[in-house]
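Note that the structure is predicted; figures quoted are calculated from it, not measured. Residue numbering restarts at 1 for every chain, and letters A, B, ... go by the order of the sequence lines.
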Number of protein chains: 2
Amino acid sequence: MTTPSPRLVEFNQNLHAMGLRNTPQRTAVLEYLDSTDTHPSAAEVYSALKQRYPGLSFATVYNTLDLLVGMGYISVLGDIGDNQAHFDSNIVPHANLVCVRCHSITDIHSPHLENLGTFITQESGFEVVNSRILYYGLCPVCQQKTKNT
Amino acid sequence: MTTPSPRLVEFNQNLHAMGLRNTPQRTAVLEYLDSTDTHPSAAEVYSALKQRYPGLSFATVYNTLDLLVGMGYISVLGDIGDNQAHFDSNIVPHANLVCVRCHSITDIHSPHLENLGTFITQESGFEVVNSRILYYGLCPVCQQKTKNT
DNA sequence: TTTTGTGCAAACGTTTTGCAATTAT
DNA sequence: ATAATTGCAAAACGTTTGCACAAAA
């Protein structure tokens with residue numbers, strides 16, 4: 001067996017600190033989200049883990065995703081055009097580029113994001129907890145496909 | 001009767017130009033969205049107009065919202081935590097501040113948005129069509145309520 | 001008159017819920 | 001032991017769809 005990542009260790013510690021339990025399903029969901037940059041939906045998490053955990057249920061996947069969001073380990077991108085909410089384990093503020101054709105999601109970091117965040121916090125009177133920055137368009141691959149049509 | 005806004009006039013002209021028809025329902029939906037800054041959901045649009053158009057159906061509301069999005073007259077904010085997609089008639093790029101407690105949505109404009117948009121376009125290889133910039137947190141009113149709890 | 005748009009009601013798919021069985025502690 | 005968590009199945013909810021009727025052009 002592999003050594004668990006620091007994030008997983010911390011997650012388990014935080015669970016205990018909150019009086020919650022450390023279950024294989026919870027670990028598996030976070031581990032899976034950390035292992036991919038495809039921004040999966042609940043259904044995709046379920047499918048990916050169903051093989052290894054045959055008894056896994058949608059209820060558990062949704063419960064765990066909600067828990068992880070609440071604990072700040074992942075964030076929700078919401079529906080990206082395929083009628084499913086997608087999740088992102090990259091909690092560093094960044095922009096998500098959503099391809100409206102193939103529904104791929106690419107992360108992009110920008111120095112301007114920090115400025116924007118600071119501006120919002122200072123100007124709005126809001127106590128900002130989280131952000132969801134999505135740009136919609138055509139990814140390079142789909143631009144190519146469109147030209148060939 | 002009041003004079004229709006330039007935007008409504010242009011909308012009707014564009015409908016004709018596209019070979020589509022100018023119906024009271026279509027005008028009413030756009031007019032309603034233009035009249036409010038509450039970023040309504042489909043259900044809220046339906047409720048608001050149902051009084052004046054008793055026969056109005058959800059199908060028409062959804063069809064019209066899709067049409068308006070497609071024509072670029074409104075944009076979709078998506079689910080903001082209440083499990084309903086919300087719509088925004090403010091198509092000038094801006095950030096939306098979503099209160100996670102009362103689900104209010106406030107628009108805020110920032111000079112940094114333009115820089116961010118330019119950066120994304122230049123760096124990503126994406127052909128950006130649209131953006132959805134949401135910040136989640138507590139609005140001033142709900143911050144006050146939380147303190148009193 | 002002809003074609004588009006509407007309204008209704010049923011269908012769809014994702015997400016949520018209640019509860020008995022299971023499992024972590 | 002005991003309280004939290006899971007899995008199952010059914011339900012709920014927002015949204016979409018098919019089709020007959022109405023209405024715009």
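Remark on DNA chain D: of its neighbouring residues B:Asp66 and B:Gln25, the 5'-side contact belongs to B:Asp66, judged by nearest-heavy-atom nucleotide.
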For residues 111-120 of chain B, tabulate all N or O donor-acceptor pairs below 3.5 Å that involve a side-chain atom, not counting sequence neighbours.
from	atom 1	to	atom 2	distance (Å)
B:Thr118	OG1	B:Glu114	O	2.9

For residues 51-64 of chain B, which side-chain N or O atoms pair as donor and acceptor with protein atoms under 3.5 Å away, sequence neighbours left out?
from	atom 1	to	atom 2	distance (Å)
B:Ser57	OG	B:Thr60	N	3.2
B:Ser57	OG	B:Thr60	OG1	3.2
B:Asn63	ND2	B:Ala59	O	3.2
B:Thr64	OG1	B:Thr60	O	2.7

Donor-acceptor pairs under 3.5 angstrom involving side-chain atoms of residues 79-87 of chain A: please list them, not counting sequence neighbours.
from	atom 1	to	atom 2	distance (Å)
A:Asp79	OD1	A:Gly81	N	2.9
A:Asp79	OD1	A:Asp82	N	3.2
A:Asp79	OD1	A:Asn83	N	2.7
A:Asp79	OD1	A:Gln84	N	3.3
A:Asp82	OD1	A:Gln84	N	3.2
A:Asp82	OD1	A:His86	NE2	3.3
A:Asp82	OD2	A:His86	NE2	2.7
A:Gln84	NE2	A:Ser41	OG	2.4
A:His86	ND1	A:His39	O	2.7

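Protein chain B contacts DNA chain D over a range whose 5' and 3' limits, counting nucleotides with an atom under 4.0 angstrom from a non-hydrogen atom, are D:dG14 to D:dA25.
For the residue pair A:Asn96/A:Thr106, the side-chain donor-acceptor check at 3.5 Å is not satisfied. With no hydrogens or angles considered, no side-chain donor-acceptor pair links A:Asn130 and A:Ser75 at under 3.5 Å.
Legend: residues meeting side-chain hydrogen bond (donor to acceptor under 3.5 Å, both in side chains) with A:Ser35, ordered by chain and number and at least two apart, are absent. Take A:Thr38 and apply the side-chain hydrogen bond (donor to acceptor under 3.5 Å, both in side chains) test, not counting sequence neighbours, and it matches A:Thr36. The salt bridge (Lys or Arg N to Asp or Glu O under 4.0 Å) check on A:Asp34 picks up A:Arg7, with sequence neighbours excluded. Under the rule for a ring pair (Phe, Tyr, Trp, His ring centres under 6.0 Å), the partners of A:Tyr73 that lie at least two apart in sequence or sit in another chain are A:Phe11. Taking A:His109 as the reference, A:His94 meet the ring pair (Phe, Tyr, Trp, His ring centres under 6.0 Å) condition, with sequence neighbours excluded.
Comparing the axis of the opening five pairs of the helix from C:dT1-D:dA25 to C:dT25-D:dA1 with that of the closing five pairs yields an angle of 40°, rounded to 10°.
Contacts of residues 41-54 of chain B with DNA chain C (heavy atom under 4.0 Å): none.
The phosphate of C:dT15 (OP1 or OP2) has a side-chain N or O of A:Tyr62 nearer than 4.0 angstrom.
Going from atom CG of B:Leu15 over to atom C1' of C:dT3 covers 16 Å, rounded to whole Å. Distance B:Arg26 CZ to C:dT4 P: 11 Å, rounded to the nearest Å.
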Which atom pairs link the protein and nucleotides 23-25 of chain C when you take only N or O atoms and keep those under 3.5 Å?
from	atom 1	to	atom 2	distance (Å)
C:dA24	N3	A:Arg21	NH1	3.1
C:dT25	OP1	A:His16	NE2	3.0
C:dT25	OP1	A:Asn22	N	3.4

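A side-chain donor-acceptor contact under 3.5 Å links B:His16 to the backbone of B:Asn12.
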